[in-house]
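As structure tokens, the structure follows; a few thoughts come after it.
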Amino acid sequence: MLRLTLLIGFSVLFAAQARARLPIVDHLVPWWEGFEIELRPLVEKKLLLTSANCGRMFRMYQLSDQGPIPESVVSVYCIEVSCHVTLTRASKSLSHLWADRRAKGDEVAAVRAVGVFRRDAVIPQSTAHAYRDCLRAALRATRKLSYDEIVLDNDRIEFWLIERGSSPLKAERPSNPGENVQRLIGLGDRLSRYCEMPEAERRAAAVQIEQEALRLQRVFARK
């Protein structure tokens, strides 16, 4: 256990140092499917339980000093006259479980057996639409990097917008994000917390989320 803790600590430190040496990038970068092509469909089947016609943030391949961080997804969507936010989170890191079980050959069964936490909340339509417009602007401002980057197999954050009648928009966070990309990530985290907070606190939180989404929409629309 001590060896694993030290290995994780060194991995987190190495990744942080590698990112710090890269230029700051304040826009999203083109999406690509990722490292474990066989794992991704299993992760998506477990965590993508609702639509994302107002946007989605997907966290995966993440580490902390305490160990692997379970994958999570926050999705915002509207159905007829009501809008909702859904948070799904694996009970353990699927990517690390996959790597640990490959030698035994039962990685698929192990991943399928992991439980998923789910929390749903109603959100005002104006807030959902503000997040959709913000994410649409950020995704349309996606640009390739002007330099070659060594992609590390950790700390991946993706943004999706899947609207009916339009091609899906997908992009991901750059390795060393600027202030506005960090705020976009923070907006997704606010939506995650919105799902878990007491209902009495959600009205004020929705107002703050909407205001931040509108501000970021204007920023990314200018990029």
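Only heavy atoms go into these numbers, but all of them, side chains included; no hydrogens, no water, no symmetry mates.
Remark: Cys83 SG to Cys78 SG, distance under 2.5 Å.
Screening Arg183, Arg190, Arg218 for a salt bridge (charged side-chain N to carboxylate O under 4.0 Å, His left out) with Glu212, the sole residue that qualifies is Arg183.
Under the 4.5 Å side-chain criterion, counting only non-hydrogen atoms from C-beta, Val108 is in contact with Trp98. In this structure the side chain of Val25 reaches within 4.5 angstrom of the side chain of Leu145, judged on heavy atoms. With contacts defined as side-chain heavy-atom distances shorter than 4.5 Å, the pair Arg143/Lys223 qualifies. Counting only heavy atoms from C-beta outward, the side chains of Arg118 and Leu49 approach each other to under 4.5 Å. When side chains are defined from C-beta on, Leu161 does not count as touching Lys170, because their heavy atoms never get closer than 4.5 Å. Using a 4.5 Å heavy-atom cutoff, the side chains of Arg59 and Asp189 are in contact. In this structure the side chain of Arg173 reaches within 4.5 angstrom of the side chain of Ile185, judged on heavy atoms.
For the residue pair Asn53 and Glu163, no side-chain donor N or O sits within less than 3.5 Å of a side-chain acceptor on the partner. Side-chain N/O atoms of His84 and Ser82 include a donor and acceptor closer than 3.5 Å.
In this structure, Val85 is a member of the same hydrophobic cluster as Phe159, with clusters built from ILVMFWY side-chain heavy atoms closer than 4.5 Å. No continuous path of hydrophobic side-chain contacts links Leu191 to Tyr77 [ILVMFWY only; heavy atoms under 4.5 Å]. Residues Leu214 and Leu187 fall into different hydrophobic clusters, defined by Ile, Leu, Val, Met, Phe, Trp and Tyr side chains chained together at heavy-atom separations under 4.5 Å. The hydrophobic cluster containing Val181 does not contain Val29, counting ILVMFWY residues as joined when their side-chain heavy atoms lie under 4.5 angstrom apart, directly or transitively.
Using a 4.0 Å cut-off between a side-chain N of Lys or Arg and a carboxylate O of Asp or Glu, Glu199 and Arg119 do not qualify as a salt bridge.
Formation of a donor-acceptor pair under 3.5 Å by the Asp26 side chain with backbone atoms of Asn180 is found in this model. A donor-acceptor contact shorter than 3.5 Å is absent between the side chain of Ser166 and the backbone of Ile162.
Ser192 approaches Val74 most closely through the heavy-atom pair OG-CB, 3.6 Å. Scanning both residues, Asn176 and Pro23, for their nearest heavy atoms gives CB-O, 3.6 Å. The two residues Ile123 and Ala128 come nearest to each other via the heavy atoms CG2-CB, 4.0 Å. Shown here for Pro30 and Glu172, the closest heavy-atom pair between the two residues is O-OE2, 3.6 Å. Residues Ser72 and Leu47 approach most closely at N-CD1, 4.2 Å, considering heavy atoms. Between Lys46 and Arg112, the shortest heavy-atom distance links the atoms NZ-O, 3.1 Å.
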Go through the steps to decide whether Leu63 and Ile69 satisfy the test side chain to side chain contact (heavy atoms under 4.5 Å, CB included), and finish with yes or no.
CA-CA 5 Å; Leu63 292 169; Ile69 300 173; 5.9 Å; no

Can you check side chain to side chain donor-acceptor pair (under 3.5 Å) on Ser93 and Tyr61, steps first, answer last?
CA-CA 8 Å; Ser93 170; Tyr61 304 141; over 6 Å; no

Arg56 vs Ser75, side chain to side chain donor-acceptor pair (under 3.5 Å): CA-CA, chis, key distance, verdict
CA-CA 4 Å; Arg56 168 175 289 152; Ser75 302; 2.8 Å; yes

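Using cut-offs of 30° and 60° on the angle between ring planes, the pair Trp160 and Trp31 is perpendicular.
Geometrically, Arg202 engages Tyr194 in a cation-pi contact defined by less than 6.0 Å to the ring centre and at most 45° from the axis.
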